[in-house]
Amino acid sequence: MPFRSSLLASSLALALLSLTACGHPPSNPAAAAPAVEQSSAAQAASAAYDFDMDVFHPVVAENGMVASEQELASRIGLEILKSGGNAVDAAVAMGFALAVALPNAGNIGGGGFMLLHDARSGKDVALDFREVAPSQASRGMYLDAQGKLIDGKSLYTHYAVGVPGTVAGMEHALRKWGSLPLSRVIAPAIALADKGYPVSETLAKTLQQEKQSMGRWPATQAIFWKNGEPLKRGDLLVQKDLAQSMRLISEQGAKAFYEGAIAQKIAAEMAPYKGAITLADLKSYKVIERQPVRGSYRGYEVATMPPPSSGGAHLIQILNMMERWPMNQWGVNSAQSVHYMAESMKLAYADRAEYLGDPDFVQVPLKGLVSKPYADQLAAGIDGNKARAAQSIKPGKPQAYESDQTTHYSVVDKAGNAVAVTYTLNTNFGTGIVAKGTGIVLNNEMDDFSAKPGVANAYGLVGGEANAVAAGKRPLSSMTPTLVLKDGKPVLVTGSPGGARIITTVLQTVSNVIDFGMNPAEAAATPRFHHQWTPDELRLEKGFSQDTINLLKARGHHVAVKPAMGRTQTIEIRDGKLYGASDPRNPDGQTLGY
Ligand code: DON
């Protein structure tokens, strides 16, 4: 690691110097932001942070921190922490709150993953509450009689919905690692759904974008439309049915969702569509506690999400390749760094398409994929001067088998517990279908299966046998909630939405902090790039110099500058302080601490 502990002392001194020299404290955007209420402890923590050195500033605090894509949810999480709840209590409260405040991605009708560090036992756990294919799902379900993909069936129909896992996941996490009752942590979300809140510019835009898919369903319109049009900025979004569903969950637990009144309503919504989710499918849903997939990078440990996410495996695989290169000397986003990283990304995504799927159905060569010798072998094939054409890349041979809408949030508490949650409806508002009378927006996670070998899904990802549709199987994900640890203690908690681009977004966040000594705000503000093997395109955000682009093109990369990628929510723990940042790519995001 190039900098920080060593630089901290001198930069601290510098900050103090500049304070006396200028006679006024350096500006503190964290404190200036209206939503940030800084306690005296947080103010003391900020004072120790060198605002003069850095261009982008994290929120600084001492006792606890939350970072999410919606200020309303962050406030709820912070309130739980301040009133004595632990990180899991706050995470569960935020999980329910985001279902209300960020209805295009936050959910109880979807699923996701939680990476958790339990400070008491020192253990890291990967909680899998991913959706499951219904019992009548089958590999050809999205194809017509000629074997052609039926347009939109895996995205905008009742057949696109996987059995949701969020409610079971939240309840499981709270029961095992939380300290407060479900009724306490869910209460703020119920109140918010009942009372409503003004629609933000971001949400209004998303509603407008999804007007066609959502507008087909009267039950959806009843919630998100006014005067025949999607709600606009400033309109009040009140979700009475959702409040009532959550009230049932508060009183009866997850049983209400999987067996009780909510289950009945979801099953009734599905009943006209033979082969879609049934009551029995809901009843048999199971949360799975998995071992995180582990790796190391320049002296840090990385604990991240194993299959059925591909995220953790490929994050570690790419980091393993990068470890041999002097990234810090090459510099952030230099043509040299981008070239080597993009070449590594291609190799990893080629393996993703071949090997990754639900480990309960297919054998994933996980150990082989994350092994250092395999990275040696892959890296040896990278040409420093020339981009390999994607078609010439085939999946590698890891050692033999052994057994646009998602959201991420991160929480750290006083006791050192850390929680990273990425959960999703898949695309914005999922199917756009609300189960009548529940207020619950249903996911379209089934599109994450490979509906037909070689045919791309919503994120341009291709897959094959390992990720074919099967009853009871979990579709392959890219979600990568991640903990970076030192001596068994978390130092970085991060994750992002972004479909296929999640893996490379998390990769660059980890690298920006470890290789380039950035704080979480700088790490988030740095322009990102992405290559996923197919299409053969090196996708860049705005912000790369024309020089760099020219150099990359000269090496044979097919460069395309496209919209922003990922929206990280990151908390760094350093020298007993918390430094957090919500990705500037979503202006609604908010990190709060105390
Ligand atoms: O699980 C996955 O990989 C996808 N369903 C995630 C979708 C996503 O991140 C969309 N967000 N922008």
Side-chain angles (χ1 to χ4, degrees), residues 68-70 98 102-107 109-115 126 128-133 154-156 160-162 164-166 169 202-203 205-206 209-210 213 304-315 348-349 352-353 356-358 404-409 420-432 441-451 456-463 467 473-482 494-506 528 530 532 539 541 562-569 583 585-586 588-589:
S68 90
E69 284 207 78
Q70 234 298 337
L98 284 162
L102 188 76
N104 52 309
N107 66 80
F113 304 128
M114 177 184 285
L115 235 294
D128 171 357
F129 52 97
R130 180 76 162 164
E131 298 91 331
V132 165
S154 66
L155 280 168
Y156 301 114
V161 187
T166 297
T202 318
L203 179 54
K205 267 195 194 146
T206 310
Q209 266 164 22
E210 305 302 326
S213 61
T304 177
M305 197 65 211
S309 178
S310 58
H314 299 305
L315 170 66
Y349 278 81
R352 182 189 191 279
L356 270 286
D358 181 345
D404 248 0
Q405 192 60 31
T406 301
T407 192
H408 177 88
Y409 60 98
V421 178
T422 316
Y423 75 151
T424 186
L425 293 166
N426 192 25
T427 57
N428 271 316
F429 294 98
T431 53
V441 181
L442 296 169
N443 70 82
N444 56 5
E445 220 68 60
M446 294 292 284
D447 189 67
D448 276 350
F449 280 117
S450 167
N457 75 355
Y459 304 101
L461 289 167
V462 292
N467 190 31
K473 190 175 175 183
R474 295 174 188 225
L476 182 60
S477 175
S478 301
M479 295 187 289
T480 316
T482 294
T494 191
S496 176
R501 299 174 288 276
I502 293 173
I503 306 171
T504 49
T505 295
V506 173
R528 297 186 178 127
H530 172 78
Q532 62 181 55
R539 180 172 164 163
E541 289 185 334
K562 290 198 166 169
M565 297 182 272
R567 293 187 300 279
T568 51
Q569 304 294 327
D583 200 311
R585 289 164 188 77
N586 177 3
D588 289 359

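Note that ligands are numbered from 1 as they come in the structure, with each ligand's atoms numbered from 1 the same way.
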S.K.: Any atoms of ligand 1 less than 4.0 Å from a non-hydrogen atom of Ile502? List them with their elements.
M.R.: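 Selected atoms, number and element: 9 (O).
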S.K.: Below 4.0 Å from any atom of ligand 1, is there a heavy atom belonging to Arg130?
M.R.: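 Judged by the 4.0 Å heavy-atom criterion, Arg130 does count as contacting ligand 1.
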S.K.: Going by distance alone, is a donor N or O of one side chain under 3.5 Å from an acceptor N or O of the other, for Arg585 and Thr568?
M.R.: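 Absent: no donor and acceptor within the cut-off.
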S.K.: At a non-hydrogen distance cut-off of under 4.0 Å, which region of Leu476 contacts ligand 1 (side chain, backbone, both, or neither)?
M.R.: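 Contact part for Leu476 vs ligand 1: neither.
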S.K.: Below the 3.5 angstrom mark, is there an N/O of Thr424, backbone or side chain, next to an N/O of ligand 1?
M.R.: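 No: no nitrogen or oxygen of Thr424 is under 3.5 Å from one in ligand 1.
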S.K.: Indicate the ring-plane relationship of His530 and Tyr349, choosing parallel, tilted or perpendicular according to the 30° and 60° boundaries.
M.R.: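 Perpendicular, since the angle between the ring planes exceeds 60°.
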S.K.: So, do Asn107 and Asn443 sit near enough that their side-chain heavy atoms are less than 4.5 Å apart?
M.R.: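 When only atoms from C-beta onward are counted, Asn443 and Asn107 do not touch, as no gap falls below 4.5 Å.
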S.K.: Between Gly499 and ligand 1, does any nitrogen or oxygen pair lie at a separation below 3.5 Å?
M.R.: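 Between Gly499 and ligand 1, an N or O pair is found under 3.5 Å apart.
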S.K.: Is there a side-chain contact between Met305 and Leu115, using heavy atoms and a 4.5 Å cut-off?
M.R.: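 SC-SC contact between Met305 and Leu115 confirmed.
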S.K.: Counting heavy atoms only, which of Thr407, Asp448, Thr480 is nearest atom 5 (N) of ligand 1?
M.R.: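 Ranked by closest heavy atom to atom 5 (N) of ligand 1, first place is Asp448.
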S.K.: With a cut-off of 4.0 Å, which atoms of ligand 1 are near a heavy atom of Gly498?
M.R.: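 Near Gly498, the atoms of ligand 1 are 8 (C), 9 (O), 11 (N), 12 (N).
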S.K.: Using a 4.0 Å cutoff against the non-hydrogen atoms of Ser478, which atoms of ligand 1 qualify?
M.R.: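 Selected atoms, number and element: 1 (O), 2 (C), 3 (O).
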S.K.: Flag Arg567 as yes when one of its N or O atoms lies below 3.5 Å from any N or O atom of ligand 1, and as no otherwise.
M.R.: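 There is no such contact.
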S.K.: Tell me, do Ile503 and Ser310 make a side-chain contact under 4.5 Å, heavy atoms counted?
M.R.: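 A side-chain contact under 4.5 Å exists here.
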S.K.: So for ligand 1, is Pro497 a polar contact partner (N or O within less than 3.5 Å, distance only)?
M.R.: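 No, no N or O pair falls under 3.5 Å.
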S.K.: Using the side-chain hydrogen bond (donor to acceptor under 3.5 Å, both in side chains) definition, which of the options Asn586, Asn104, Thr202 pairs with Glu69?
M.R.: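 Exactly one pass, corresponding to Asn586.
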S.K.: Using a strict threshold of under 4.0 Å (side-chain N to carboxylate O), is an ion pair present between Arg474 and Glu131?
M.R.: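 Salt bridge between Glu131 and Arg474, a charged N being under 4.0 Å from a carboxylate O: no.
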